[in-house]
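One-based numbering, in listed order, for ligands and for the atoms of each.
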Amino acid sequence: MTQGVVTRFPPSPTGYLHLGGARTALFNWLFARKHKGKFILRIEDTDRERSTEEYARDIIESLKWLGIDWDEGPYFQSQRFHIYQGYIERLLEAGNAYYCYCTQEELERKRQEAMERGLKPKYDLTCREKDLPEKAGAVVRLKSPLSGVTTFRDLVRGVITVPNEELDDLVLRRSDGTPTYHLAVVADDIELGVTHIIRGDDHLNNTPRQIAIYRALGLQIPHYAHVPMILGPDKKRLSKRHGATSVMAYKEMGYLPMALLNGLVRIGWSYGDQEKFTLPELIEKFSLEGIGKSPGVFNQEKILDLNGVYIRESDEEYLLKELIPFLEEIGIRDIEREGLIKAIRTLKPRSKTLREMAEGCRMYFERPFVHDRELLKRFLTPEVISILHRLRERLSAQKSWDIQGLEDCFKGFLDEGKIKLKVIAQPLRVILTNRTASPGLFEVMEVLGKDETLRRIDISLLGEGI
Ligand code: GLU
């Protein structure tokens, strides 16, 4: 089975790529990569009313951002109608499909009647054996098996058996000539040589119907793996109530793609207790057997924490590249690279998202830097002010402006004056950052540089009466 694996991700562009879709794409991608096979992207845009180019673009961008690449495609179903027509003709010629003239009104009336009699609504086979010729407005239906069962082995759920009575003579081509979802999916999966169909279990009902098309064409069915859906922490189907659900929303909130990928893969798939995987590790360890039968639970808090871990472990160069759009958004631009790298180093341990990190950069780079006078007043006692004046002298004579140098300088100053660090630390923090919580004082001073540090001390003392 390891030879010649072909998987696909076939989203309908009727909405932004959401977490469930991204996870399905990821599973298909991992499976293909693991088996050195092919992964295909196909945009199922046959529903012209609900599909938009914007959604298709979003799906493509989201996959790219996540690092899920494809070997073929994107194919667009809307450009492949001639292929579907070929399959419909093949089925008609083999006598496994037929024209049906029943009108919508007739079908609706029969549906109502069946419901009133407590029966499952189903096409009553009026045209099945009539061998009707083609006619404008006729639909094409599949001759589904009427008795027996359809059985297949699902790679997640095990053996599944459905009585064929439950299948309908489903429509393959609508009266306007367009192919239906079932026909197009099967035709494409055959055309593209798809060997494994990994998809959400909301498609489980479709599978016996699609198998009927394969059988009518005399072809072997592919392998199926139906993945349980994603639930929110309240065990209800994942929706906006549980937090952001589109992939791009995570990008905008400042998540790193690897954090989201790891969060996603772990919903429904596990490998012992391991929480974090590199891509090569995921490819090596991923297996369909590792997918659980029960729905996976999505927890945004957990992914947020994971993002914090990834930020902490990423190198500054990478973070800088990812951070720039967030900085620009809040008007911080044209900052010299070295300074930014230093700033990132101080903010890494305390930022769970890139957005938070960009916010953290404000204290270093936002200009003009304006003190919060109310806050300052609380810290600038006469004693502190007098110490600050002396400290400012000392700092202006300081040569090596790095953490070690500053630490030594402070130690000398405090020892000589018998001053405790805590007397001065918090006021100085407020002077330099406008905040009561920040990275370490010496780190902050290093990022600000000597001139800016002295300038902030000076302006804080202006108007304080000394
Ligand atoms: N286009 C379908 C969807 O977005 C997927 C079809 C399939 O996986 O077979 O749900």
So is Tyr181 touching ligand 1 or not, going by heavy atoms under 4.0 Å?
yes
Using 30° and 60° as the class boundaries, would you call the ring planes of Tyr55 and Tyr16 parallel, tilted or perpendicular?
perpendicular
Glu44 versus ligand 1: do any nitrogen or oxygen atoms come within less than 3.5 Å of each other?
yes
Between Tyr99 and Asp131: side-chain donor-acceptor atoms closer than 3.5 Å
no
Check contact between Arg8 and ligand 1, using heavy atoms of the residue and a distance below 4.0 angstrom.
yes
Which ligand 1 atoms, with their elements, are less than 4.0 angstrom from a heavy-atom of Ser12?
1 (N), 2 (C), 3 (C), 4 (O)
Within-cut-off N or O pair, Pro11 and ligand 1, under 3.5 Å
no
Need the ligand 1 atom indices (1-based, order shown) with element for anything under 4.0 Å from a heavy-atom of Arg199.
7 (C), 8 (O), 9 (O)
Give a yes or no on whether a salt bridge exists between Arg362 and Glu359, defined as a side-chain N under 4.0 angstrom from a carboxylate O.
yes
Is the Lys NZ or Arg CZ of Arg33 less than 6.0 Å from the centre of Phe39's six-membered ring, within 45° of the axis?
no
With no hydrogens and no angle check, is any side-chain donor or acceptor of Asn262 less than 3.5 Å from a backbone partner on Phe277?
yes
for atom 5 (C) of ligand 1, nearest protein heavy atom and its distance come out as Pro10 O, 3.4 Å
Is Asp189 close to Arg8 at the side-chain level, that is, under 4.5 Å between some pair of heavy atoms?
yes
Distance from atom 10 (O) of ligand 1 to nearest protein heavy atom, with residue and atom:
His203 NE2, 2.9 Å
